[in-house]
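Have a look at the structure below before the remarks.
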Amino acid sequence: MKGSVFHRYGPPSVLKIEELPIPQPKKGEVQIKVIAATVTAGDCELRRFDIKPSWWLPLRIVMGIFSPRIKTLGQELAGVITKLGQGVEGFKVGDRVFSPCDINMGAYAEFNCLKTEPSLTKIPDKLGYKEAATIPTGGLNSLYFLKLAKIQPGQTVLINGAGGSIGTYGIQLSKLYGAEVTAVDSEIKLDTLKYLGADHVIDFEKEDFTTGSKKYDVVFDVAGKTSLLKMLRVVNEGGCLIDSNPSPTGLLLGVFTKVFTRKRLLTGLADAKRQNLEHLARLMEEGKINAQIDKEFELDQIVAAHEYVENGLKRGNVTITIEG
């Protein structure tokens, strides 16, 4: 099978297309013919290994100290089940499915094997592979954090870094919850953010929302580049700041915020439960949210896809079509 691999950390050019052995499903796993995958900012960070200091060592141990041990990236996929491992129930060969990948990733290849629990989910009949492939990272993370915030109709929500996969889903879900949404990102993405339903947009290169007089019930930080303390300043009393880039510093600040203020700092890792993936797929099938696919690439164009995402141009999702 064809797959994208990298043998050293570095720029997009380290990605190569090579012939790889077809993986076989173990107990509790299924083999999937991958139809679509995505390129996320997280994929690019892992490829060049640009990781926050607090996570650098544990992730480096997992990925490979001196060179990548995990050689095929790709965190989410959609495809067709081609083989069942021992003990698999509830799925059959031919089922259309989508899922986040496990720690070994591997979506940038013609085949991958994944456990059915807890995340493998059937694709609704009216939903395409490319659309489904965008749900596990952007949709799932956005849903998880916005549920933590318990948004009520009429509340004000600011999303910092709203133009990526998580942020574009965040705008749409916040509007479904009845919130008034302010979206922050670069100027080239503002029209897209308005199209997705943002009531107000801010070009972060021209305006620093943390220094203004406006305050919000919920500040959802996706970008991870702004001081948490600065963002807490623009959170209303009784409101919350969502830190989608968890770190020990953020966890500690969350404790102090809870003890000494009436604000909350929420962080954590999204729980990839099938029921949440099914919920998001159902919303998409019903036309209540969309995948916001910016560009589509073929597997042979993986370098160009990574270059596009790494340059900060992505508005929503970038998909990879896997052909074999």
Does [Y] offer a backbone N or O that forms a donor-acceptor pair with the side chain of [X] under 3.5 Å?
X: D95; Y: K92; value: yes
X: K71; Y: P68; value: yes
X: E207; Y: F204; value: no
X: S165; Y: G316; value: no
X: N245; Y: V222; value: yes
X: S142; Y: G138; value: no
X: R264; Y: G238; value: no

Compute both the distance and the angle, then confirm whether [X] meets the cation-pi test with [Y]: under 6.0 Å from the six-membered ring centre, within 45 degrees of the axis.
X: K214; Y: Y216; answer: yes
X: K314; Y: Y308; answer: no
X: R96; Y: Y129; answer: yes
X: K16; Y: F6; answer: no

Separation between [atom1] of [X] and [atom2] of [Y], rounded to the nearest 0.5 Å:
X: L143; Y: I289; atom1: CG; atom2: CD1; result: 8.5 Å
X: I171; Y: L196; atom1: CD1; atom2: CG; result: 5.5 Å
X: R233; Y: K263; atom1: CZ; atom2: NZ; result: 8.5 Å
X: T116; Y: I81; atom1: OG1; atom2: CD1; result: 8.5 Å
X: L190; Y: K194; atom1: CG; atom2: NZ; result: 6.5 Å
X: L59; Y: I51; atom1: CG; atom2: CD1; result: 5.5 Å

Tell me, do [X] and [Y] make a side-chain contact under 4.5 Å, heavy atoms counted?
X: V318; Y: F297; answer: yes
X: I135; Y: L127; answer: yes
X: E18; Y: H7; answer: yes
X: T267; Y: S244; answer: no
X: P12; Y: E307; answer: yes
X: L120; Y: L277; answer: no
X: E29; Y: Q86; answer: no
X: K288; Y: L176; answer: yes

For [X] and [Y], test the side chains for any donor-to-acceptor distance below 3.5 angstrom and give the result as yes or no.
X: K225; Y: N160; answer: no
X: T319; Y: E296; answer: no
X: N317; Y: T38; answer: no
X: T82; Y: Q31; answer: yes

For [X], I'd like to know if atom [atom1] has over 12 heavy atoms of other residues, nucleotides or ligands within 6.0 Å.
X: K273; atom1: NZ; answer: no
X: E237; atom1: CD; answer: yes
X: K52; atom1: NZ; answer: yes
X: I103; atom1: CD1; answer: no

Query raised in the report: Can you name the ring-ring contact (aromatic ring centres under 6.0 Å, His included) partners of F49, sequence neighbours left out?
Result: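 F49 satisfies ring-ring contact (aromatic ring centres under 6.0 Å, His included) with Y9, W56 only.
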
Query raised in the report: Taking the six-membered ring for Trp, are Y108 and H306 ring centroids under 6.0 Å apart?
Result: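 Ring centres of H306 and Y108 closer than 6.0 Å.
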
Requested in this report: Can you label the angle between the F145 ring and the F220 ring as parallel, tilted or perpendicular, going by 30° and 60°?
Outcome: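 Because their plane-to-plane angle lies in the 30° to 60° range, the rings of F145 and F220 count as tilted.
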
Report task. Give a yes or no on whether a salt bridge exists between D208 and K230, defined as a side-chain N under 4.0 angstrom from a carboxylate O. Result ->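 Judged by the 4.0 Å cut-off on N to carboxylate O distance, D208 and K230 do not form a salt bridge.
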
Query raised in the report: Hey, is R315 close enough to D185 for a salt bridge, meaning N to O under 4.0 Å?
Result: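 Result for this pair is no, no salt bridge flagged.
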
Query - Listed partners of E117 passing side chain to side chain donor-acceptor pair (under 3.5 Å), at least two apart - result: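 Side chain to side chain donor-acceptor pair (under 3.5 Å) list for E117, sorted by chain: R274.
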
Query raised in the report: How far apart are the C-alpha atoms of E310 and R48, what are their side-chain angles, what is the distance that settles it, and do they pass the salt bridge (Lys or Arg N to Asp or Glu O under 4.0 Å) test?
Result: CA-CA 10 Å; E310 192 155 87; R48 64 180 187 269; 2.6 Å; yes

Query raised in the report: Where is the tightest heavy-atom contact between N112 and C101, given as atom of each residue plus distance?
Result: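 Heavy atoms only, the tightest pair is ND2-SG, 3.8 Å.
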
